[in-house]
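Starting from 1, each residue takes its place in the sequence as its number.
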Amino acid sequence: MVVFLVLLSITLLSSLYFSFSNYARDNHHFVYLANAFAHGSFSVNNLPPDYIDKVQIGGDTFIPLAPMPAILLVPLVDAFGIQFDDLWLAYLFTAANALLLWLLLKRLSVPAFTRRYLLPLFLFGTVYLSSLVVARSYFLSHIMATTFLLLAINETVGERREPLIGFWLGASFLTRSPTIFSLPFFIWMLKPKDASWVNPTWVFSVSYKLVLGLAAPLAFYFYYNYARFNNPLETGYGSAVLLTTTLTEARQVGLFNLAHVPKNLYSLLLAAPQAYPSFSSPTLSFPYVYPSPWGMGLFFTTPAFAYIFAADWHKRIARAAWLAIGLVLLPLVLYYGVGWIQFGFRYALDFYPFLFILVALGMANRFDRLARLLITLSIAINLWGAWWQMIGFFMLPPNLQR
């Protein structure tokens, strides 16, 4: 454990060093968007020309990414300017995630000894770590969406104040839009014990109160889209500037299309590390093996996720969590892109809080030597992934480099 703590400390300090040394000063979209918000504009015409994921209409440039991170960055960018590093925000929200996750595990009656292992598993034994050490726009969104989902889930298993749950879910939606598909999880968990599915009048009461909380985030979402594209449902992803011909050709098939499902499921479940520079090369070169930049399967990056299958199916929260995972997955597997460049399938972070509920329930009463071994292995794998995410992608085979 001491070795892991030392390695983690070195990794996090290196993340700060690379960021401050301008080693990774690109794709900080939200800093520029926050600066635009501070000046009363939705256009980011000062965005560096080499940035992707931008939409250019006439003389204006817009960002299709959901805007909540930029909203929260406004006072910081206003105070420190566009040189402010949003990595600090990622670290701040990670501290909040640690506290919220600990509280959730406690509310799920997970023993304290097990909680002490599960907390580092989530933060350092999943693709969360590789997202944290880079914390560019796409990854920052996942970190912040995790916070809002954990707030909503904690409120659901705690005080159960429906409008507040709706607000946190709405904040998550304004950060990573697929998370809104988890709404049925909260409706199911708020179902009164004596209520019946045969006569679901309670659904309207619960949903109405949730919508009260959702109203403000949804209203801003529709207004933001309309102000930019004259369409409340248009985000700009369909016309955003892309990096590779592969993504361009995939989007031509459709922004959301059944044709994308096989590739996304492969990335989610089956994709494995690859030979470097390729298996067809006469010999392999250092580093000999590298993670697929298109993502890797859940169980390759976090073997401890195998415990989701040990969760007690008879518990309402376990069934509701499975439902949330399935529903959030729907838009993700239909989407044309799988999230280049990344370690693991980073889009899965949109449902990680629900997945982790299942892990916690699976390990709660059977925390044995195998569980500790898989947690240790998961942390080791993701330390490798964090370093690759910071510097390793510069060693990609020539056909995959920018």
Side-chain angles (χ1 to χ4, degrees), residues 1-16 87 90-135 139-140 142-147 149-151 153-154 291 296-308 310-311 321 342-346 348-349 351-390:
M1 184 59 69
V2 174
V3 174
F4 273 135
L5 289 175
V6 172
L7 290 174
L8 284 169
S9 299
I10 293 173
T11 300
L12 296 178
L13 288 173
S14 299
S15 169
L16 292 170
L87 182 66
Y91 275 57
L92 176 63
F93 271 75
T94 293
N97 288 338
L99 293 174
L100 291 168
L101 186 60
W102 183 267
L103 178 59
L104 176 60
L105 293 173
K106 192 173 182 180
R107 283 174 163 163
L108 293 176
S109 301
V110 176
F113 179 78
T114 307
R115 294 201 301 268
R116 287 195 288 270
Y117 279 85
L118 285 174
L119 187 61
L121 171 62
F122 185 93
L123 297 175
F124 310 123
T126 69
V127 298
Y128 185 97
L129 178 60
S130 56
S131 297
L132 172 63
V133 296
V134 178
F139 306 104
L140 177 62
H142 289 295
I143 290 168
M144 294 179 64
T146 297
T147 305
L149 278 179
L150 286 173
L151 283 165
I153 295 170
N154 267 293
M296 289 200 308
L298 284 177
F299 302 104
F300 283 105
T301 53
T302 307
F305 279 162
Y307 273 81
I308 64 176
Q342 60 183 336
F343 177 78
F345 190 83
R346 69 173 173 86
L349 284 165
F351 58 78
Y352 259 26
F354 305 104
L355 191 73
F356 210 70
I357 288 173
L358 297 175
V359 175
L361 294 177
M363 287 188 178
N365 298 318
R366 49 177 65 81
F367 193 77
D368 51 17
R369 184 175 298 176
L370 176 61
R372 291 194 290 272
L373 174 62
L374 291 180
I375 289 174
T376 302
L377 181 59
S378 298
I379 293 175
I381 290 171
N382 283 278
L383 278 170
W384 169 55
W387 276 96
W388 182 85
Q389 190 70 44
M390 285 191 291

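Here the closest non-hydrogen pair linking P353 and I153 is CB-CD1, 3.8 Å. Between V133 and A386, the closest heavy-atom pair is CG2-O, 3.7 Å. Shortest non-hydrogen contact noted between P303 and S378 is CD-OG, 3.1 Å. Scanning both residues, M363 and T114, for their nearest heavy atoms gives O-CG2, 4.2 Å. Of all heavy-atom pairs spanning A98 and L123, the tightest one is CB-CD1, 3.8 Å. V359 and L121 get closest at one heavy-atom pair: CG1-CD2, 4.1 Å.
Within the 4.5 Å cutoff, no side-chain heavy atoms of L150 are placed close to those of L103. Side-chain atoms of L149 and F354, non-hydrogen and from C-beta on, do get closer than 4.5 Å to each other. R346 is not listed as a side-chain neighbour of Y352, based on a closest heavy-atom distance of 4.5 Å or more. Contact annotation: the side chain of L100 never approaches that of L104 to less than 4.5 Å [non-hydrogen atoms, C-beta and beyond]. Looking at heavy atoms from C-beta onward, R366 lies in side-chain contact with Y307 at the 4.5 angstrom threshold. With contacts defined as side-chain heavy-atom distances shorter than 4.5 Å, the pair V110/F367 does not qualify. Within the 4.5 Å cutoff, the side chain of F124 has no heavy atoms near those of the I375 side chain. Contact of the T301 side chain with the T126 side chain is not registered, since no non-hydrogen atoms from C-beta on lie closer than 4.5 Å.
Remark: T146 OG1 to L151 CG distance equals 11.0 Å, nearest 0.5 Å. Note that the CG atom of L361 and the CD1 atom of I357 stand 7.5 Å from one another [nearest 0.5 Å]. For the atom pair OG1 (T94) and CG (L99), the distance works out to 11.0 Å, reported to the nearest 0.5 Å. Note that CZ of R116 and CG of L118 are 11.5 Å apart. Values are rounded to the nearest 0.5 Å.
Judged by distance alone, the side chain of N382 and the main-chain N or O of G385 form no donor-acceptor pair under 3.5 Å.
Between Y128 and F122, the ring planes are tilted. Angles from 30° to 60° get that label.
Between F343 and F300, the ring center distance fails the sub-6.0 Å criterion.
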Could you check Q342 against V127 for side-chain contact (heavy atoms from CB on, under 4.5 Å), going step by step and ending with a plain yes or no? CA-CA 9 Å; Q342 60 183 336; V127 298; over 6 Å; no
Apply side-chain contact (heavy atoms from CB on, under 4.5 Å) to the pair I143 and L132, showing each step before the final yes or no. CA-CA 7 Å; I143 290 168; L132 172 63; 4.1 Å; yes
